[in-house]
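To keep things clear, I will list the structure first and then write my remarks on it.
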Amino acid sequence: MKKNKLLLVSWILGALYFVYLVSYFTTSVSSTEGSEQVGAALATALLMPHMVAVVLAALFNTLGWAQNGRGFALTGGILYCVSIVLFPPYFMFVTIQLILSFMGVSKLKKLQAQQ
């Protein structure tokens, strides 16, 4: 069975975004001093649910792509929606993965119906 390219792109973008989030916030916490460090730690704590949702979404998209599983891919798309709800200012970083995930789910449905 062919692999879904939309899910592949979605999970790669999600993984890259997660790596960006982790690297950005770990360097901002470690490179500052005093009250700036407290502010950076608070920002990281506020963003932590968003980061967890993004990494879980990327993981489920990876499983959906590897196993051609609609359930995993759908769960990944829903988790991208949840990550937007958890931190709306960063919606633009997750919207493409969200769209690609749901398009990938529909393509998987068509591929599985052909077999």
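- The shortest distance between side-chain heavy atoms of Leu7 and Leu108 falls below 4.5 Å.
- Here Ser23 contributes atom OG and Leu21 contributes atom CG; the two are 8.0 Å apart, rounded to the nearest 0.5 Å.
- Within 6.0 Å of atom NZ in Lys109, 12 or fewer heavy atoms from other residues, nucleotides or ligands are found, so the atom counts as exposed in its surroundings.
- Under the 4.5 Å side-chain contact rule for hydrophobic residues, Val85 and Leu47 do not share a cluster.
- Pairing each heavy atom of Gly104 with each of Asn4, the nearest pair is O-ND2, 2.9 Å.
- Note on Val54: it clusters hydrophobically with Phe72, by side-chain heavy-atom contacts below 4.5 Å among ILVMFWY residues.
- Enclosure of atom CD1 in Ile96 is not indicated, since only 12 or fewer non-hydrogen atoms of other residues, nucleotides or ligands lie within 6.0 angstrom.
- Using a 4.5 Å heavy-atom cutoff, the side chains of Asn61 and Tyr80 are in contact.
- Taking each heavy atom of Gly76 and Ala57 in turn, the nearest pair found is O-CB, 3.4 Å.
- Trp65 contributes atom CH2, which lies 5.5 Å from atom CG of Leu8 (distance to the nearest 0.5 angstrom).
- A heavy-atom distance below 4.5 Å is found between the side chains of Phe102 and Leu74.
- The same ILVMFWY cluster, assembled from side-chain heavy atoms under 4.5 Å apart, contains both Val22 and Tyr20.
- Taking CG from Leu63 and CH2 from Trp11, the interatomic distance works out to 10.5 Å, rounded to the nearest 0.5 Å.
- Heavy atoms only, all atoms of each residue included: Ser10 and Ser101 are closest at OG-OG, 3.0 Å.
- Side chains of Asn68 and Lys3 form a contact here, defined as non-hydrogen atoms less than 4.5 Å apart.
- Grouping the Ile, Leu, Val, Met, Phe, Trp and Tyr side chains by contacts below 4.5 angstrom, directly or via other members, places Val9 apart from Met92.
- No continuous path of hydrophobic side-chain contacts links Val94 to Ile99 [ILVMFWY only; heavy atoms under 4.5 Å].
- Between the CE atom of Met51 and the OH atom of Tyr17 there is a distance of 9.0 Å, given to the nearest 0.5 Å.
- One finds the CG atom of Leu13 at 12.0 Å from the OG1 atom of Thr95 (value rounded to the nearest 0.5 Å).
- One distance of note links CG of Leu98 with CZ of Phe93; it measures 15.5 Å at 0.5 Å rounding.
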Under the criterion side-chain contact (heavy atoms from CB on, under 4.5 Å), I'd like the reasoning laid out for Val82 against His50: C-alpha separation, chi angles, the key distance, then a yes or no.
CA-CA 8 Å; Val82 169; His50 173 77; over 6 Å; no
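- Contacts of Tyr90 classified as side chain to side chain donor-acceptor pair (under 3.5 Å), with partners at least two apart in sequence or in another chain: none.
- The two residues Leu46 and Phe87 have their closest heavy-atom pair at O-CD1, 4.3 Å.
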